[in-house]
Amino acid sequence: VGESGDDDALLVSRLVAGDDVALGVVYDRYGPMIFGVACRVTGDRHVAGEVVQEVVMQLWERPDRVDLSRGSLRTFLAVLAHRRSVDEVRRAARRDRAECRAAEAACEAGPESDVVDAAVRAETSTRLAGLLAEMPAAQREALQLAYFDGYTFTGVARVLGIPEGTAKSRLRLALDRLRTALREDNGGSA
Amino acid sequence: VTPDEPTDAELAELAELAVLVALDAVSEDDRDDAERRAGRVPRGVLDAVTALADAVAVVPPAGMRTRVLDAARERRPVGAAVGAPTPSSPVDAYRHAADDLYRLLGELSDRDWLRPAHSDHGPVRDLVAHLFGIEQLTLDWACDRPAPDPAAVADHVQATRATVTALAGLDPGAVAARWHSLTREVEAAVRGADPAQPVVAHHIPADIDTLTVLRVFEIWAHTFDICTATGRPRPVPDPPRLALMSARLMRALPMALAVRGTLAPARTARFVLTGDAPGCHDVALDPRGVPAAPDVVIVTDALDVCQLASRRLTPDQLDAFVEGDTALADVVLSAAATFALD
């Protein structure tokens, strides 16, 4: 099943109606992204599992909160997963991600994996790694700290020893660069 | 730049804030304020953040799927639609259906009354006369009175031929008024009766409750006919009425399959109804069966499926998403209009 605006609208309608088959489709399609973000940000596979459960339950309980005029279902879940993960990190002040990173690297495709999806994800990941590599190091560092390590912009400024205003502008420039690159990759349609 | 328009510096600051919000790079305490000030985060910014999330996707451990989905189902049961209206009672739905049609009839021009509305019942005026005749019969059935012409009653169209002829000389507005007044009598009779009271309508055994729901369907179907004949948009029942109609249709499907001789023992169809009356109904395709894991999922609009059941739409015309056993879906959808009488 492809992913499109219509597809998202259909899925959300099914969730509103109370169709748990649709919830299974959502899990299969977006679970790896939610788990990956949570794992990467929290550094704890157990906590990441809780984030997945929380995100999926939130969608199931209030699917009417998905506003597809603002972004796709994938975006809604990506934003939600990241926010929940960041909240976990900040509340528990977890900073040791070594265990998760190791586990993540060792993670093998289980019975729920989808070979095609995995290939697409690998391609996306590689492409993104290339885009990040082309980014000025100062911007990349700031983006890494904010998105993957869960720092606020004041935290980014503190860690990098730069003024808060500089941290903010580095983050904006980093995301602008990424956004432009993705748009060019997608033939200017993004 | 007028005093009300943001300066370039202010716009740049807002763009920066949108990025911080999208990256969750503001503290929890400042988040609400930042979101309010930033407004709608541009789609491109969200796409970029989504790409970051996608790039770190990891297959979750085996077992998590079952655990997460079970927990979700425990929090909100399957089929409990979000924001679904409470279904009307059949008698309230009947009253509102009659009022809606009467309101429409009050808007018709002299030419509209003469427009062909139905292949069996003819122009709009005769269609309303037919409804008057059916309401008379309904009152007899509800009050357990013998029909004046028992032979003709078996056929829904023939049953009102004499009435339509008798009313042909009257002003159509007067026929409409008499029909609406009669619906009030039917309503009073239904309200005073036990919903489970057996009735025999067109020689078909039923009960007051079912008879009332059938009346709701027919009045809506003929409202549809008149709207179509006079170039008006499809009439849309209020959500509680639509919820009643669609839920009763789902309940009637196993019997419809039995009547058609197309039962599918041990099979289950899931209807996911969208629109103004959302709902998820697992239907055992055998009146003696119980719903199990669905063999087919049919996603369609609640109003469309009611239109299908009223024979105002064919299965081919139904805009539905089908997942699973599509042949089974064809069988089920073909049975949906079994009880439509026209």
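First the proteins, then the strands, lettered A, B, ... as listed; each starts at 1. Side chains included, hydrogens not; waters and symmetry mates left out as well; all remaining heavy atoms used.
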Do the charged groups of [X] and [Y] touch, with an N to O distance under 4.0 Å?
X: A:Arg172; Y: B:Glu13; answer: no
X: B:Arg31; Y: A:Asp87; answer: yes
X: A:Arg90; Y: B:Glu28; answer: no
X: A:Arg183; Y: B:Asp47; answer: no
X: A:Glu50; Y: B:Arg67; answer: no

For a quick test of reading the model, state the closest non-hydrogen atom pair linking [X] to [Y] and the distance between them.
X: A:Tyr147; Y: B:Ala53; result: OH-CB, 3.3 Å
X: B:Ala48; Y: A:Leu178; result: O-CD2, 3.9 Å
X: B:Pro77; Y: A:Trp60; result: O-CZ2, 4.2 Å
X: A:Leu182; Y: B:Ala51; result: CD1-CB, 3.6 Å

How about A:Asp67: does its CG atom have over 12 heavy atoms from other parts shown lying under 6.0 Å from it? yes

Do the non-hydrogen side-chain atoms of [X] and [Y] ever get within less than 4.5 Å of each other?
X: B:Val82; Y: A:Pro63; answer: yes
X: B:Val49; Y: A:His82; answer: no
X: B:Leu20; Y: A:Thr152; answer: no
X: A:Ser69; Y: B:Arg40; answer: yes
X: B:Val21; Y: A:Arg83; answer: yes
X: A:Leu175; Y: B:Leu23; answer: yes
X: A:Arg45; Y: B:Pro61; answer: yes

Rounded to the nearest 0.5 Å, what separates atom [atom1] in [X] from atom [atom2] in [Y]?
X: B:Met64; Y: A:Tyr27; atom1: CE; atom2: OH; value: 5.0 Å
X: B:Leu52; Y: A:Leu143; atom1: CG; atom2: CG; value: 5.5 Å
X: B:Leu46; Y: A:Phe76; atom1: CG; atom2: CZ; value: 12.0 Å
X: B:Arg76; Y: A:Arg62; atom1: CZ; atom2: CZ; value: 10.0 Å
X: B:Asp54; Y: A:Arg74; atom1: CG; atom2: CZ; value: 4.5 Å
X: B:Asp301; Y: A:Ser13; atom1: CG; atom2: OG; value: 9.0 Å

Toward chain A, the part of B:Pro294 with a non-hydrogen atom under 4.5 Å: side chain

For each of A:Leu171, A:Val56, A:Thr154, A:Asp64, tally heavy-atom pairs with chain B at distances under 4.5 Å, and name the one with the top tally. A:Leu171

In this structure, which one of B:Arg75, B:Arg73, B:Arg65 forms a salt bridge (Lys or Arg N to Asp or Glu O under 4.0 Å) with A:Asp20? B:Arg73

Which one, [options], leads in non-hydrogen pairs under 4.5 Å with chain A?
options: B:Leu273, B:Val41, B:Asp30, B:Leu69; result: B:Leu69
options: B:Ala81, B:Gly275, B:Ala25; result: B:Ala25
options: B:Ala71, B:Ala22, B:Pro278; result: B:Ala71
options: B:Thr274, B:Val299, B:Val78, B:Leu17; result: B:Val78

Let me know if [X] has heavy atoms under 4.5 Å from chain B in its side chain, its backbone, both or neither.
X: A:Thr180; answer: neither
X: A:Leu77; answer: neither
X: A:Val16; answer: both
X: A:Ser85; answer: neither

Set out, in order, the CA-CA distance, both residues' side-chain angles and the distance that settles side-chain contact (heavy atoms from CB on, under 4.5 Å) for A:Met33 and B:Val58, then state yes or no. CA-CA 6 Å; A:Met33 177 190 72; B:Val58 173; over 6 Å; no

